[in-house]
There are 2 protein chains.
Amino acid sequence: MVRGQDRAGGSAGGSRQAMVQPPRRGGGGRPTIGDVAALAQVSKATVSFVINDRPGVSPQARQRVLDAIDQLGWQPNAGARALSTKRSQTLGLVMRRPPELLSTDPFFPQFVAGIETGLAPLGYALVLQVVPDEETERQAYERLARDGRVDGVFLTDLRTDDPRPALVTELGIDALIVGPPQHGGRVPALGVDDGSGVRRAVSHLRSLGHRWIGHVCGAAGYVHTEARCNAWRGALADAGLPEIPPVPADFTGAAGAQATHQLLDLDRPPTAIVYANDLMAIAGITAATSRGLRVPEDLSVVGFDDIPLADCIAPPLTTVRQDVLAWGRAAAQALVSLTEGGEFQAAELPPVEFVVRASTAPPRT
Amino acid sequence: MVRGQDRAGGSAGGSRQAMVQPPRRGGGGRPTIGDVAALAQVSKATVSFVINDRPGVSPQARQRVLDAIDQLGWQPNAGARALSTKRSQTLGLVMRRPPELLSTDPFFPQFVAGIETGLAPLGYALVLQVVPDEETERQAYERLARDGRVDGVFLTDLRTDDPRPALVTELGIDALIVGPPQHGGRVPALGVDDGSGVRRAVSHLRSLGHRWIGHVCGAAGYVHTEARCNAWRGALADAGLPEIPPVPADFTGAAGAQATHQLLDLDRPPTAIVYANDLMAIAGITAATSRGLRVPEDLSVVGFDDIPLADCIAPPLTTVRQDVLAWGRAAAQALVSLTEGGEFQAAELPPVEFVVRASTAPPRT
DNA sequence: CTTAGATATTAAACCGGTTTGATGACGCTC
DNA sequence: GAGCGTCATCAAACCGGTTTAATATCTAAG
């Protein structure tokens, strides 16, 4: 080799146009930057400059490189690039959830789709892990952080006393909490206020004339469960309405039905119930109906999520809708800018929508 | 440096025990294999041998290496490893679906969870992409294949005349079709026969006495939609029952309701309807009820999927359940063994279950 | 005709692993 | 004590990119 490590073909004095055949590498391997460089009669560095939009490349050289890339169908190897730049252009999402509960959840798929729509234009990828318990969860984050597979992680379904904010801080990994900011937390957070939906629900019911409103909570230990429950309490208090003790449940239909019966068994049963999600609300409607009550005449019901089924049942469900897709997109953009620039500014999220359908009505007089 | 590129600390003649402090690298960077080697007083190669379980390392050296790894909390960098081995230990899943339809689907989250449970023990990761249309879908596969990010991909929601089997073959990337084998296809496939659930449904209805059974199809163009529709036709034919033209729909509640009305508007409406998914079935029940019919007395309804809501509504839905989690796990294992060994043998999947609830009953005489 | 300055270009080092071929130490046999 | 095989160990090359520092070329100014 006379000149340069990088030249793979063509004699040192040969003309540019001399090489016609793409110098495809021996085996079935994909082309490398070296192949592109050889075909374009430039060095690897020049190719690198071209694809990274760095100055100092003549228009002619640039064009030859682009042609070569095109001809070979080359694309930089993600691993090699990550090795050099120390950035994997990948974010991580760890879902901790008993697998059988996953299909219940309208949030997960939409949120993932939202993340994707935010990530794709930026050239980022998403690695996903689903883990069953807290121990595996910890290991998952540690592995992702230490083997350099991701530049940052999302923290979803935050629990009260969640160990993960401390964990990611300790691991020195960029992270974004998907949910309302934690007071005192050092980890940035992006999320709509769950409470506003619940307040809208209570205010809607009150304006219909309800004064005795119950609440069926989500699974204990989650920040958003508490947020919804507290918002309900606060809304009642603000409206000067009396409080029935909220009934604990866990987002499943069975728990929703049971909690409903519990409320309806009270000496003075509520005329309206606000559920922490649609699934429990629908199960609640079924439970109430089975006792001979009619919804909404005898009992008004409000859900949360606006799942696709919400308007396919009788009566169609009044509920709270969040733009989860937009949330995911914003979260993706926020986490990327966090890992890249270091700066985080909370994006504006579309507010929750309150969807009035037919499961709410004025109470019987 | 007297001996060896790899030694980072300790004089050449120093005793093994001389070094107490971990030779942590300057900045905040994570430890590398070189740091481990230095701490354990061995070469990088020896460390590599230890973590890859290769022979030729003395018990003493192995122990020192393990101690050093432990002390530094080291973990091999995924990108670097991928660069050397040309294997990323990562699989790809591309979902092409209009984002707003995603939350409808009980399959996706469960399947992903299943993949994870199969992948995690093998040390593999999953990268996920959600794309809106065919063009982006193609680009997604091309990118994943060419930048070496994944060792193989799953192909889900196969369409009739799907371009992807040809695409992955052309790209030379390992792939697994999630679904029944395609006749004539070169791409291996793993999936339960959608038809068997539908046949179970028809046979159940026939044994109840139904002889006039309708079908509401899923979204056109999908292999599994056709499979369910054809299975329904076949089951009717086998049972010697007359066929009502199947009604096209698209898996959404609105379409399910409309299709139901269409069937009930017939001169001779069916006494039972088999739906391609639960969402349409539930919308169908609501539609029938709104016409004054009672389910199951006047109309029997069978769904498909067994979503969590299926037994929270009135009447609880008779439906077909697949063990999607097990399917995902098996698919993960199959694709890994495909990319590693090259050999593929179809694993046994648990058969579909037919869940009889209260939405089916003998027809009115 | 120099010379300085700007611009295009590249060789080589580097990222953090894996893998190979060479070397040295050791125990064994004859 | 020479010869040989085994085993542990390591230096160096390599994977495919990025980045730096040096060099080559061209232009404009003095």
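Bear in mind that the values here come from a model prediction, so they are computed numbers and not experimental data. Within every chain, numbering begins at 1; the chains are lettered A, B, ... in the order of the sequence lines, protein sequences first and strands thereafter.
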### Task
Can you tell me the distance, in whole Å, between the CZ atom of A/Arg146 and the P atom of C/dG17?
13 Å
### Message
Tell me if the side-chain of A/Lys44 makes a donor-acceptor pair with the base of D/dG17, cut-off 3.5 Å, by modelled atom types.
### Response
yes
### Task
Among D/dT9, C/dG17, C/dT10, find the nucleotide with the atom closest to the side chain of A/Ser43.
C/dT10
### Message
Quick check on salt bridge (Lys or Arg N to Asp or Glu O under 4.0 Å): which of B/Arg97, B/Arg96, B/Arg164 does B/Glu134 satisfy it with?
### Response
B/Arg96
### Message
Would the distance check show the side chain of B/Asp151 and the main-chain N or O of B/Ser88 forming a donor-acceptor pair, the cut-off being under 3.5 Å?
### Response
yes
#### Entry: Qualifying residues under side chain to side chain contact (heavy atoms under 4.5 Å, CB included), relative to A/Thr85, sequence neighbours excluded
A/Arg81, A/Arg87
### Query
Angle class for the A/Phe154/A/Phe111 ring planes (parallel below 30°, perpendicular above 60°, tilted otherwise)?
perpendicular
### Query
Under 3.5 Å, is there a donor-acceptor pair linking the side chains of B/Tyr124 and B/Glu340?
yes
### Message
Expected output is a numbered-order residue list: members of residues 75-83 of chain B with a heavy atom under 4.0 Å from any atom of DNA chain D. What is it?
### Response
B/Leu83
### Message
Under 4.0 Å, heavy atoms only, any strand: does A/Arg54 hit a base, just the sugar-phosphate, or nothing?
### Response
sugar-phosphate
### Message
Tell me the interatomic distance from B/Ile33, atom CD1, to D/dC10, atom C1', rounded to whole angstroms.
### Response
13 Å
### Task
Please determine if a side-chain N or O atom of B/Trp74 lies less than 4.0 Å away from the OP1 or OP2 oxygen of C/dG17.
yes
### Task
Can you spot which of A/Glu137, A/Glu135, A/Arg143 makes a side-chain hydrogen bond (donor to acceptor under 3.5 Å, both in side chains) with A/Gln139?
A/Glu135
### Task
Calculate the interatomic distance between A/Arg149 atom CZ and C/dG17 atom C1'; express it in whole Å.
14 Å
### Query
Would A/Arg186 and A/Thr169 count as having a side-chain donor-acceptor pair, cut-off 3.5 Å?
no
### Query
When all nucleic acid strands are considered with a 4.0 Å heavy-atom cut-off, which category describes A/Arg87: base, sugar-phosphate, or nothing?
nothing
### Summary
Whole-Å distance, B/Gln63 CD to D/dA8 C1', equals 17 Å
### Message
What is the distance, to the nearest angstrom, from the CD atom on B/Gln89 to the P atom on D/dC15?
### Response
20 Å
### Query
With respect to the side chain of B/Thr32, which nucleotide from C/dG17, C/dT20, D/dT19 is positioned closest?
C/dG17
### Query
Donor-acceptor pair, B/Asn52 side chain versus B/Ser48 backbone, under 3.5 Å?
yes
### Atom-to-atom span, CD of A/Gln41 to P of C/dT9 - whole angstrom
13 Å
### Message
Just to be sure I understand the rule, does B/Thr85 reach a base, reach only the sugar-phosphate, or reach nothing, if contact means heavy atoms closer than 4.0 Å?
### Response
sugar-phosphate
### Query
Where the side chain of A/Lys86 is defined as all heavy atoms beyond and including C-beta, which of C/dC15, C/dT9, D/dT9 is the nearest nucleotide?
C/dC15
### Message
Whether B/Ser84 contacts D/dC15 is assessed here as follows: a side-chain N or O lying under 4.0 Å from the phosphate OP1 or OP2. Is that the case?
### Response
no
### Message
If you only use heavy atoms from C-beta on, which nucleotide in D/dT18, D/dT9, C/dT18 is closest to the side chain of A/Ile51?
### Response
D/dT18
#### Entry: Rounded distance (Å) that lies between atom C1' of C/dG17 and atom CZ of B/Arg30
15 Å
### Query
When the distance from CZ of A/Phe49 to P of D/dT19 is rounded to whole Å, what number comes out?
9 Å
### Task
Look at all strands and tell whether B/Ser58 reaches a base, only sugar-phosphate, or nothing, counting heavy atoms closer than 4.0 Å.
sugar-phosphate
